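Here the structure comes first, spelled out in structure tokens, and everything after it is commentary.
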Protein chains: 2
Amino acid sequence: MSQTDTVSRILDAAEVLFAERGFTETSLRTITSTAGVNLAAVNYHFGSKKELIQAVFERFLTPFTDALARELDRRAAAGGALTVEDLLESLYRVGMGSLAEQGRDPQRFMRLLGLAYTQYQGHLRRFIVSRYGNSYRRFAGLLAQALPGLDPVTFYWRLYFMLGATIFTMSSYDAIEAILREDFGAQSTLPETLERLVPAAAAMLKVNAE
Amino acid sequence: MSQTDTVSRILDAAEVLFAERGFTETSLRTITSTAGVNLAAVNYHFGSKKELIQAVFERFLTPFTDALARELDRRAAAGGALTVEDLLESLYRVGMGSLAEQGRDPQRFMRLLGLAYTQYQGHLRRFIVSRYGNSYRRFAGLLAQALPGLDPVTFYWRLYFMLGATIFTMSSYDAIEAILREDFGAQSTLPETLERLVPAAAAMLKVNAE
DNA sequence: GCCAGTGCTAAACAACTGTTTTAAATGGTG
DNA sequence: CACCATTTAAAACAGTTGTTTAGCACTGGC
């Protein structure tokens, strides 16, 4: 078993288990046994559990922010000002696409993102902010440009309202969809739900703008 | 030290610590030592840690849903159909008021609510749904009435978008507000932020309605 | 004045946590 | 083939976890 194999097996198992139960609730023994590797391999390859958590985030956030940057470049080069809807669509399409093409589950990453915000893991928040702050600021800046005439503080809060609606809904997508199916007999796919989210979030951002 | 005293000291400490760090990250020893009571008192009075968690939620959710029911009764009796804004304002005012008048922190309960959704605690979700499902359904029903012409599935998802925006923003309120103060030099109070949230969330719910 | 019963405490329990240690095996290089 | 760094393995480590036990202090009722 080569090194890269062991490392990625650990990352695969950790990603699934963290998203399912959270960080503290997932022991290294559970991770290594489902990965089929030795317990000590985590500390050998990653140093500590904290660094493993960061590595899990790095492995999906870096491709995501890279793909988002390319998508924004592409849209900007196509000319014409970007609308709020354009930006949200880009964000969601990249979120769905850049990870799905690796055969990985988009909802899982939304759950991880949600955990990063809500769990008590100071190191994770610091890690994400320092590593991906620039991508965040670029997107937020473009969104602010698409919303002229909105005072900065109002924009700031609405940005978080939008993030909340997105992360919260996507990270509990399975549970919410299950209730929908049970109570209404209807069902939704993830892309359908994102298509509903774009106009709703855009309307929220745009109240009294322009 | 009377019984009620020990019980409520444990609940007070657990409420603060759970909201701060989460459930798994808070040990019974931390709770009992900050409460100034013996470790075994938790198992004696509550039976188990799970039941303590449920008791913490019960102590703030019951007054909240009771106050919400009274507020909705009052508004309904005043005559006239309730608008989306009316309902959101009622919800937020009760959330702020009914707990603040007990001298307890509203943001703390938002954090707890957020945790209930995101943390891996099946028993908690079941407990809340079975105990407070009726209050939830009454509010959702009134909101649906205020949004005629909206197909049920779209309404359903937007309800969760709204809950996400609310719970996510409120549960991370301190952190978000701190960044605002640092980057913009501006500051917001919680009531101000809720005043921003009402029209934003209402706009999101109302897209293409009526 | 005793007794039942409630509230509370200190100590111990077994199970589990992340991490480290020691030794064995592996695989490419000279 | 021999060598050495890399990688894995099993075991032990020290610390923490929720829970239970056995006994103490105190109350109100008879």
Side-chain angles (χ1 to χ4, degrees), chain A residues 1-59 112 115-116 119-124 126-127, chain B residues 1-59 112 115-116 119-124 126-127:
Chain A
M1 194 180 294
S2 71
Q3 182 222 345
T4 49
D5 196 33
T6 299
V7 167
S8 65
R9 285 167 68 92
I10 292 175
L11 285 172
D12 287 343
E15 187 178 290
V16 173
L17 291 165
F18 283 156
E20 221 166 75
R21 324 145 115 80
F23 308 118
T24 327
E25 294 83 354
T26 306
S27 72
L28 293 182
R29 282 168 179 82
T30 310
I31 293 171
T32 51
S33 73
T34 70
V37 304
N38 188 269
L39 167 63
V42 169
N43 289 282
Y44 176 78
H45 287 291
F46 297 94
S48 68
K49 188 180 181 181
K50 281 186 181 182
E51 289 165 286
L52 169 62
I53 295 175
Q54 294 176 3
V56 168
F57 276 83
E58 190 167 24
R59 191 173 65 149
L112 289 172
L115 288 180
Q119 299 248 107
Y120 184 68
Q121 297 272 351
H123 70 96
L124 223 198
R126 283 192 298 274
F127 171 78
Chain B
M1 196 182 292
S2 72
Q3 183 223 344
T4 48
D5 196 33
T6 298
V7 167
S8 63
R9 286 167 67 94
I10 293 175
L11 285 173
D12 287 342
E15 188 178 288
V16 172
L17 291 166
F18 285 155
E20 222 167 75
R21 324 145 115 84
F23 308 118
T24 327
E25 294 83 354
T26 306
S27 71
L28 293 182
R29 282 169 179 79
T30 309
I31 294 170
T32 51
S33 72
T34 70
V37 304
N38 187 270
L39 168 64
V42 169
N43 290 281
Y44 176 77
H45 286 290
F46 297 95
S48 67
K49 188 180 181 180
K50 280 186 184 183
E51 288 165 287
L52 169 62
I53 295 174
Q54 294 176 5
V56 167
F57 275 82
E58 190 168 24
R59 192 174 64 150
L112 289 172
L115 288 180
Q119 299 248 104
Y120 183 68
Q121 297 273 351
H123 70 97
L124 223 197
R126 282 193 298 275
F127 171 79

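This one's a predicted model, so the numbers in the text were calculated from it and none came from an experiment.
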Using OP1 and OP2 only, check whether a side-chain N or O of B/H45 sits under 4.0 Å from C/dC8.
yes
Separation of atom CZ in A/R21 from atom P in C/dT17, rounded to whole Å
10 Å
In whole Å, what is the span from the CZ atom of A/R9 to the P atom of D/dT8?
10 Å
Indicate yes or no: at least one non-hydrogen side-chain atom of A/V42 is less than 4.5 angstrom from one of A/V37.
no
Take the protein atom CD of B/E25 and the nucleotide atom C1' of D/dT17, then report the distance between them rounded to whole Å.
13 Å
Here the distance between atom P of D/dG18 and atom CG of B/L17, to the nearest Å, is 12 Å
Locate the shortest heavy-atom distance separating B/R59 from B/E15; write the atom from each residue and the value.
NH2-OE1, 3.0 Å
Roughly how many Å is it from CZ in B/R29 to P in C/dC13, rounded to a whole number?
14 Å
What integer distance in Å separates A/N38:CG from D/dT7:C1'?
10 Å
Of the listed nucleotides (C/dT20, C/dC8, D/dT21), which one gets closest to any side-chain atom of A/N43?
C/dT20
How many whole angstroms separate atom CG of A/D5 from atom P of C/dT26?
16 Å
Could you pull out the closest heavy-atom pair between B/T26 and B/L17, with the gap in Å?
OG1-O, 3.4 Å
May I have the distance from A/I31 (atom CD1) to C/dT17 (atom C1'), rounded to whole angstrom?
12 Å
Which nucleotide wins on minimum distance to the side chain of B/K49, given the candidates C/dC8, D/dG18, D/dT8?
D/dG18
Any idea which heavy atoms bring A/A13 and A/I31 closest together, and the distance?
CB-O, 3.7 Å
On the nucleotide D/dT7, are OP1 or OP2 found under 4.0 Å from the side-chain N or O atoms that A/Y44 carries?
yes
Would you tell me if any nitrogen or oxygen in the side chain of A/T6 comes within less than 4.0 Å of OP1 or OP2 on D/dT7?
no
Tell me whether the OP1 or OP2 atom of D/dG18 has a side-chain N or O from B/S48 closer than 4.0 Å.
no
How would you label the contact of B/T26 with the nucleic acid (heavy atoms, under 4.0 Å): base, sugar-phosphate, or nothing?
sugar-phosphate
When you measure from the side chain of B/A40, which nucleotide among C/dA12, D/dT21, C/dG18 comes out closest?
D/dT21
Please tell me if the side chains of B/T6 and B/N38 come closer than 4.5 Å, counting only heavy atoms from C-beta onward.
no
Could you tell me whether the phosphate oxygens of D/dT17, OP1 or OP2, come under 4.0 Å of any side-chain nitrogen or oxygen in B/S27?
yes
